[in-house]
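The next block holds one structure in the form of structure tokens; read it before the comments.
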Number of protein chains: 2
Amino acid sequence: MASAVKIPRPRRIPVQVANGSRFDRRLAEILEHATEVFCEKGYAGASMRDLSRSSGMSLAGMYYYFESKERLLYLIQKHTFTTIVERLRERLEGVSHPEHRIRVFILNHLQYFLTNQKAMKVLSHEDDALKNGFGAEIATMKREYYRICRQLMDEFKQARNLDFSSRMAVLSLFGMMNWIYTWYNPRVDADVAELARQMGDILLDGICSRPKGKRKSHN
Amino acid sequence: MASAVKIPRPRRIPVQVANGSRFDRRLAEILEHATEVFCEKGYAGASMRDLSRSSGMSLAGMYYYFESKERLLYLIQKHTFTTIVERLRERLEGVSHPEHRIRVFILNHLQYFLTNQKAMKVLSHEDDALKNGFGAEIATMKREYYRICRQLMDEFKQARNLDFSSRMAVLSLFGMMNWIYTWYNPRVDADVAELARQMGDILLDGICSRPKGKRKSHN
DNA sequence: TTATAATTCGAACGAACGTTCGAATAAGCA
DNA sequence: TGCTTATTCGAACGTTCGTTCGAATTATAA
């Protein structure tokens with residue numbers, strides 16, 4: 001028998017093996033806890049030791065599930081984004097009225113934002129923490145999400161024969177919605193549906209009151 | 001002659017001695033460069049070595065001007081806030097028409113935001129990086145700024161006999177305005193004055209279309 | 001010039017960082 | 001039961017972190 005020769009282990013092949021495997025479930029748990037910590041301390045401010053403590057796993061053990069802290073953030077952001085876009089597509093399916101479609105968009109965004117407040121804060125707050133490859137993919141998803149909203153806005157504009165900057169309207173809407181994590185307090189503020197309605201009102205009435213070719217004077 | 005006895009130096013008394021002294025000017029320079037670095041890397045992500053490199057001063061030399069990295073962030077945020085509120089007060093002085101007063105607020109905010117984009121990003125992005133004492137003071141200034149805007153909104157509401165949530169209106173407005181640092185591109189987007197006008201239109205028309213006691217139906 | 005105060009810096013401190021390694025344990029299947 | 005693979009971990013790695021110290025340098029005023 002030959003003396004024991006060290007065979008190099010094939011490390012870290014998995015990353016996403018089966019669907020709902022033990023590995024996947026544990027990884028999902030870690031992502032959930034990590035999201036909370038990233039939300040509280042920010043990406044750079046959260047140490048791997050913080051993250052391991054929060055999910056009750058040893059520091060070294062974490063690296064069995066992902067190869068770096070950056071990759072962990074990437075996994076969180078990707079999962080968050082994928083989910084929100086997926087839900088949006090489902091909800092838009094049966095709705096054809098342009099105004100309703102925008103209202104569906106707003107409701108979906110706010111609903112997801114408020115039930116996954118931590119994840120969304122991480123997503124909107126740490127959007128430039130990822131370098132090169134990772135960052136580019138997330139940025140693409142973000143652009144796609146913007147594109148969807150922009151298209152809804154254009155359809156609305158055309159249907160009503162209105163004249164306003166879709167870009168401004170979409171970006172203002174995102175601003176209103178994404179800022180919510182800084183102030184929302186369930187004991188003071190209305191529920192999601194009412195909030196979505198109010199923001200929809202502000203936006204839609206705001207852009208509606210300037211019909212094509214006319215300019216309201218402000219004196 | 002007595003042997004040389006070390007007299008403990010009175011370290012770090014200054015912090016803000018005279019107005020426009022050499023010390024103050026150099027400190028202002030450091031703050032300016034540090035703002036840029038904080039903006040790019042975030043508070044936690046920017047190291048004291050990054051900060052010292054950016055202002056061309058040695059690492060140790062920085063500590064002559066402030067006693068900790070946290071205090072440096074505090075100085076930046078305080079200066080930014082003080083300036084923006086100061087300018088706002090000046091500009092509101094001669095204006096009495098409620099709608100105009102809100103438009104002045106928006107213009108002032110956006111103007112300061114776009115000319116001091118970096119500082120404002122640091123201000124809105126790192127608002128929970130400061131601990132306890134420092135954080136509390138900045139939070140107070142923020143509340144005061146919110147209060148001013150809220151009051152303008154209430155006056156407008158009363159003057160026009162409207163019915164809407166001032167809180168929602170103010171926070172939506174802040175959202176629209178503060179989100180701007182994520183998208184503004186001077187080569188694509190309108191100038192500040194036009195931008196302020198458009199955001200003012202969206203907000204004011206949006207909240208105006210629901211007169212007291214009435215509810216527009218959305219079908 | 002000389003004495004004093006203001007400013008700057010190289011070098012180092014201990015602590016915390018992200019990551020790695022090989023051994024130890026648990027799970028799954030024969 | 002044993003064998004194999006999947007999972008977990010303590011201990012350590014080299015680096016970088018924020019901060020400090022005392023000495024060196026520069027400005028100020030006599």
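Note that these values count all heavy atoms, side chains included, but never hydrogens, waters or copies made by symmetry.
The stretch residues 35-54 of chain B comes close to DNA chain D through Ala46(B), Ser47(B), Met48(B), Arg49(B), each having a heavy atom under 4.0 Å from the strand.
Between Lys131(A) and Glu70(A) there is no salt bridge, since no side-chain nitrogen of the basic residue lies less than 4.0 Å from a carboxylate oxygen of the acidic one. A salt bridge links Glu194(B) with Arg197(B); the closest basic N to acidic carboxylate O contact falls under 4.0 Å. Taking 4.0 Å as the cut-off between side-chain N and carboxylate O, Glu29(B) and Arg26(B) count as a salt-bridged pair.
Taking only side-chain nitrogens and oxygens, Tyr65(B) comes nearer than 4.0 Å to OP1 or OP2 of dT8(C). Residue Tyr64(B) places no side-chain N or O under 4.0 Å from the OP1 or OP2 atom of dT8(C).
A straight line from NZ of Lys69(A) to P of dT19(C) spans 8 Å, rounded to a whole angstrom. Atom CE of Met62(B) is separated from atom C1' of dC17(D) by 14 Å (rounded to the nearest Å). Between the CZ atom of Arg71(B) and the P atom of dT19(D) there is a distance of 13 Å, given to the nearest Å. To the nearest angstrom, C1' of dC13(C) lies 13 Å from OH of Tyr63(B). One atom, CG of Leu73(B), and another, P of dG18(D), lie 13 Å apart when rounded to the nearest Å. If you measure from atom CG of Leu27(B) to atom C1' of dT8(C), you get 15 Å, rounded to the nearest angstrom. Rounded to whole Å, the distance from CD1 on Ile30(A) to P on dT7(D) is 11 Å. The interatomic distance linking Phe66(B) (CZ) with dT20(D) (C1') rounds to 14 Å, in whole Å.
Projected onto DNA chain D by closest heavy-atom contact, Arg22(A) and Ala60(B) fall at different nucleotides, the more 5' of which corresponds to Arg22(A).
With a 4.5 Å cut-off on side-chain heavy atoms, Ser124(A) and Tyr181(A) count as touching.
Crowding of Glu155(B) atom CD: a count of heavy atoms from other residues, nucleotides or ligands under 6.0 Å exceeding 12. Residue His125(B) qualifies as enclosed at atom NE2: its count of foreign heavy atoms under 6.0 Å is above 12. The environment of Lys41(B) atom NZ is sparse: at most 12 non-hydrogen atoms of other residues, nucleotides or ligands sit within 6.0 angstrom. Surrounding NZ of Lys142(A) are more than 12 heavy atoms belonging to other residues, nucleotides or ligands, all under 6.0 Å away.
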Dot-bracket encoding of pairs in DNA chain D, which uses [ ] for pseudoknotted crossings and | for another strand, Watson-Crick or G-U under 3.5 angstrom
.|.|||||||||||||||||||||||||||
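Residues meeting the side-chain hydrogen bond (donor to acceptor under 3.5 Å, both in side chains) test with Asp128(B), sequence neighbours left out: Lys121(A).
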